[in-house]
Amino acid sequence: MRLRISHVTSYTYEEPVPYGLQQLRLRPKSRPNQTVLDWKIEIEGGKLEVGYEDEHANNVDLISFHRGETDLTVRCSGEVEVTDAHGIIGPHQGFVPLWLFQRQTTLTQVGPEMQKLVDALPKADQGLPQLHALMNHVLDSIPYSTDQTATDLSAEMVIYAGQGVCQDHTHVFLAAARALGYPARYVSGYLMMEGQTEQNASHAWAEAHVQGIGWVGFDVSNAISPDDRYVRVATGLDYGGAAPVQGLHFGQGREQMQVALQVQQ
Amino acid sequence: MVDKKPTFDEMNRADGSPRDTYARYSQWLENQDTARLNAKSAEAEALFRLTGITFNVYGMEEADERLIPFDLVPRIISANEWRTLAKGIEQRVRALNAFLYDIYHNQEIIRAGRLPAEMIANNEAFLPQMIGVAPPGNVYTHIVGTDLVRTGPDEFFVLEDNARTPSGVSYMLENRETMLHMFPELFSQIKVQPVSQYPRALRRSLRACAPPACTGMPTVAVLTPGIHNSAYYEHAFLADQMDAELVEGHDLRVVDGRVAMRTTNGYEPIDVLYRRVDDDFLDPLNFNPDSMLGVPGIMDIYRAGGITIANAPGTGISDDKAIYSYMPDIVEFYTGEKALLKNVPTWRCSEPEALKYVLDNLPELVVKEVHGSGGYGMLVGPAASKKEIEDFRAKLIAKPAGYIAQPTLALSTVPILTEAGLAPRHVDLRPYVLVSPDGIDITPGGLTRVALNEGSLIVNSSQGGGTKDTWVLEE
Amino acid sequence: MLGKTAGGLFWMFRYLERTENTARMLDAGLRIALTRSAAAESEWKSIITATGLRKEYEERHGSFTGPKIIDFLLRDKQNPGSTMAAVVNARNNARLVRTALTRELWEAVNESYMVLKDVLAHPITDRELPGVLQTIRQHAAIVRGTLAGTMLRNDIYDFARIGTFFERADNTARTLDVKYYILLPSVRHVGSPADNVQWEAILRSVSSVRAYQSVHHGDTDPRSIAEFLILDRRSPRSLAFCYDKIVSNLGYLSKANAAASASMEQANTLNAMFQERDIDAIFTQGLHEFTQCFLRESFRLGQQIEQDYRFTE
């Protein structure tokens with residue numbers, strides 16, 4: 001499937017920003033089952049400083065604010081051809097040792113709530129069956145809801161809250177999968193939702209590593225493995241490592257963010 | 001397993017006669033009057049104070065700038081001894097860099113089964129952001145301070161490989177300057193290999209590691225946490241001697257894809273940054289977001305080839321005390337040779353059998369924190385009280401993987417000058433090693449630290465340690 | 001040069017100059033206190049006023065008596081103008097810019113810190129005061145001599161000089177501003193012996209008694225004192241002299257730095273206040289108005305230098 005994506009993130013600041021940097025992980029790469037036909041990032045109110053590949057082979061762009069700017073806009077657009085591989089990414093590649101993906105992060109620390117969730121997981125065979133069971137179990141325990149306004153909740157807090165969005169689901173899944181011994185990672189990307197062009201946010205799902213198969217995707221919020229409507233952009237140990245935008249700025253004023261995202265065929 | 005051998009005194013034989021290395025010095029010393037030497041000692045202290053070679057004690061007023069006591073009896077090493085040591089150090093430092101490259105790339109040493117993956121996987125010093133990063137010339141540890149101790153005529157052991165930001169080299173240089181100033185006649189009688197070339201060698205070595213983005217003559221700068229840091233004197237001293245700018249985090253920012261310093265004429269890019277700020281504080285965008293000492297985005301620029309950071313971030317994985325116990329294997333794995341320098345036998349308390357042995361023999365062992373430094377958080381069994389031992393036992397049982405244990409070595413002694421004349425005290429040695437693509441450069445000698453309290457084995461300046469000038473004799 | 005280093009040099013030398021200025025003012029006050037006890041309190045008051053810290057002083061100490069004043073001016077760490085605070089600040093700035101200084105200069109500053117820390121470790125009595133002031137002046141002279149004798153004449157030296165003369169001009173102007181009323185023509189014809197003492201005190205507090213006398217052959221009159229301290233380019237503490245130096249040092253700097261034209265312009269404007277102008281014109285404008293205007297403009301110039309040479313971001 002050929003997907004056309006337009007993703008505009010705009011920041012407005014109450015006070016001019018004397019200096020600021022943002023790390024963008026917004027450049028999808030071509031890989032088996034995903035071919036980037038065209039992709040560009042335009043920046044208003046700032047400029048590209050450097051680009052490089054991080055340890056997860058994500059394309060990272062470091063941008064700086066123009067001095068004294070109050071508005072910064074990052075405009076991504078392009079076309080990506082995706083084929084359906086039932087969520088299978090394949091063998092692990094690169095220098096990152098698999099054990100690193102078994103490390104819990106501050107967002108995926110296992111606490112009592114998580115332990116209960118793992119203990120209550122229906123019995124299933126190791127590997128794909130168990131991970132599918134986990135995916136369904138997480139969604140059953142934590143229904144999808146955008147009511148939750150807090151961001152950057154840890155997996156433990158998400159279970160406590162009892163509901164969540166894709167980012168929350170993914171963290172819970174990662175924490176549980178790692179607790180069960182699977183290397184697992186966070187994926188940020190795009191999803192074309194049926195019948196709607198406008199999306200309100202970029203998407204997130206998880207990948208777990210299964211012996212003999214390699215990396216397999218699990219979109220907890222939609223209870224499926226990613227197909228040809230999913231564009232992978234960046235991966236990391238949690239949201240922090242794969243976030244589309246990670247920034248730091250000087251100055252006092254408050255920041256407001258707006259996202260306009262369209263994914264269509 | 002307490003070493004029952006008598007302590008080896010480097011100056012005098014058991015019968016009191018001087019060893020060959022010290023023969024000429026002893027002859028000179030015999031003709032000196034103790035009162036005059038003590039007066040010289042006071043003169044040296046005044047000189048150090050005037051120069052400002054002090055270290056700040058954290059949380060104290062400026063009144064608490066302290067001097068590290070300087071003892072004016074030199075520690076002397078023969079040209080032969082030095083040649084052997086230098087070869088061993090070079091081999092070890094080469095292995096450290098090969099190890100670091102490997103750990104942040106294919107981890108062949110783990111695949112080969114020579115190092116358990118847990119040693120890296122559970123190690124806080126492993127820096128995932130360094131995975132796949134190859135610094136210019138594959139040099140990770142541009143500056144190393146290898147701590148050595150001696151127990152006999154030909155017995156040297158490596159105690160620690162300081163591969164993060166070893167300090168103390170300014171003392172090596174100032175100690176020599178002071179000796180030259182106070183006893184010029186000694187240096188005309190005894191030929192000592194010079195050390196004063198170190199700052200130039202350091203500059204050359206750093207310049208040889210310029211990043212791909214560098215055009216022309218590389219600009220070097222020294223990054224300090226600021227004037228309140230305990231080693232600020234050294235940071236300023238090295239910057240001054242290298243004719244490099246001494247910068248703090250707030251002098252730097254990302255400009256045009258480089259890390260640049262704010263000058264009176266605008267921002268100018270830095271090619272090589274000799275940083276004396278710990279990894280965690282280096283970059284609030286990529287590491288500790290609360291750090292006020294670092295430069296946001298420097299890791300991004302580093303990974304894009306815009307700057308060289310010396311030492312490279314993440315080198316701590318090579319010098320913690322648990323990895324240390326594998327150094328003989330590490331040296332062999334990467335150099336194909338047996339390690340020339342010995343390791344102190346080490347029990348890893350993470351291993352149940354080792355832990356049992358350590359717990360059974362605490363009064364005879366030295367137990368150290370895996371990530372500790374500065375002589376803190378360690379137990380010196382033979383010098384500890386019953387209560388201290390029991391307290392430590394509890395800590396050890398609570399977190400065995402946090403500790404290693406070693407036999408108490410009979411460290412060699414060198415005399416120091418006291419009011420009552422000469423008296424032997426235990427010493428160690430930290431030679432300073434520079435690594436660049438052009439090769440490895442070891443300054444002859446290094447910093448001799450001495451435990452000023454009688455019988456003490458702790459040489460750290462924070463705990464009653466002093467320093468000596470270290471002489472390596474000319475051939 | 002780093003912007004921070006330029007700022008550190010500027011401030012290091014401002015503080016060094018301040019160390020000595022405070023000692024001079026104290027010397028002048030002491031003289032009056034010893035010779036004319038009735039005038040002592042008002043003399044101490046004007047000295048404290050000249051430091052710009054009268055409010056802080058009154059809140060903490062209340063009355064204007066000798067021992068309290070001496071302690072406030074010499075030892076009080078909360079008074080940034082006190083000799084000890086200024087020495088500590090000068091040394092901290094010297095540490096900050098250590099790589100820009102010769103070893104000799106750093107050691108001279110460090111030594112003066114060590115000596116004064118020792119000397120000022122306890123409250124200073126009247127009897128000790130002359131000796132202490134002497135020590136302060138001596139060390140200032142050593143630092144000045146070491147600067148002149150060991151430092152290259154480059155941008156580092158320029159910032160050092162600008163800091164020195166900026167502080168000195170500021171000090172002279174403040175002293176004049178506090179005492180302007182006794183120099184006014186309306187008071188002049190009174191010419192009482194009290195005034196003579198006051199006039200001399202002004203000169204003394206900027207260390208210019210001998211210099212003034214040799215130029216004016218012993219006659220003391222307020223008009224020529226004002227002229228001497230504002231316009232006379234022979235006097236190293238006059239505003240005109242200081243601005244001559246500031247303009248020339250800024251001139252060297254701005255040649256290498258096109259972006260720094262604003263401070264150069266401001267300094268020129270300030271300097272013009274002393275060009276082609278005689279003291280009568282200043283008195284016509286009003287001495288008080290003149291010094292106020294000068295202090296305001298000098299403050300602005302300080303800010304502009306800081307900005308032009310990027311002391312901070």
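Here the CD1 atom belonging to B/Ile103 is positioned 13.0 Å from the CZ atom belonging to A/Phe95, to the nearest 0.5 angstrom. For the atom pair CG of A/Leu248 and CG of B/Asp283, the computed distance is 8.5 Å after rounding to the nearest 0.5 Å. Rounding to the nearest 0.5 Å gives a distance of 7.5 Å between CG of B/Asn122 and CZ of A/Arg103. For the atom pair CG of B/Asp300 and CD of A/Gln22, the computed distance is 12.0 Å after rounding to the nearest 0.5 Å. Separating the OH atom in A/Tyr52 from the CD1 atom in B/Ile301 is a distance of 9.0 Å, to the nearest 0.5 Å.
Contacts between A/Val60 and chain B at a heavy-atom distance below 4.5 Å involve the side chain alone, from C-beta outward. Interface residue B/Val255: only backbone heavy atoms are found under 4.5 Å from chain A.
A 4.5 Å side-chain heavy-atom check between A/Leu62 and B/Leu285 finds at least one atom pair inside the cut-off. Looking at B/Ile131 and A/Pro97, their side chains come closer than 4.5 Å, going by heavy atoms from C-beta outward.
Looking only at distances, a side-chain donor or acceptor of A/Glu49 sits under 3.5 Å from a matching main-chain atom of B/Asp256. A/Tyr19 places a side-chain N or O within 3.5 Å of a backbone atom of B/Val254 that can act as its donor or acceptor partner.
Between B/Asn286 and A/Gln23, the side chains place a donor N or O and an acceptor N or O closer than 3.5 Å (distance only, hydrogens not considered).
Contacts with chain A were tallied for B/Pro284, B/Gly132, B/Ala304; B/Ala304 has the most, counting heavy-atom pairs under 4.5 Å. The choice from B/Gln129, B/Arg253, B/Met299 that makes the most heavy-atom pairs within less than 4.5 Å of chain A is B/Arg253. Chain A forms the most heavy-atom pairs under 4.5 Å with one residue out of B/Ala117, B/Ala121, B/Gly305, and that residue is B/Ala121. Contacts with chain A were tallied for B/Gly297, B/Pro296, B/Pro289; B/Pro296 has the most, counting heavy-atom pairs under 4.5 Å.
Counting heavy atoms of neighbouring residues, nucleotides and ligands inside a 6.0 Å radius, atom NZ of A/Lys47 exceeds 12 of them. Heavy-atom contacts from other residues, nucleotides or ligands closer than 6.0 Å to CD of A/Glu42 number more than 12. Within a 6.0 Å sphere centred on CE of B/Met119, other residues, nucleotides and ligands contribute more than 12 heavy atoms. Enclosure of atom CZ in A/Arg67 is not indicated, since only 12 or fewer non-hydrogen atoms of other residues, nucleotides or ligands lie within 6.0 angstrom.
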Test log, rule side chain to side chain contact (heavy atoms under 4.5 Å, CB included), inputs A/Asp54 and B/Arg303 = CA-CA 8 Å; A/Asp54 72 8; B/Arg303 288 156 104 178; 3.3 Å; yes
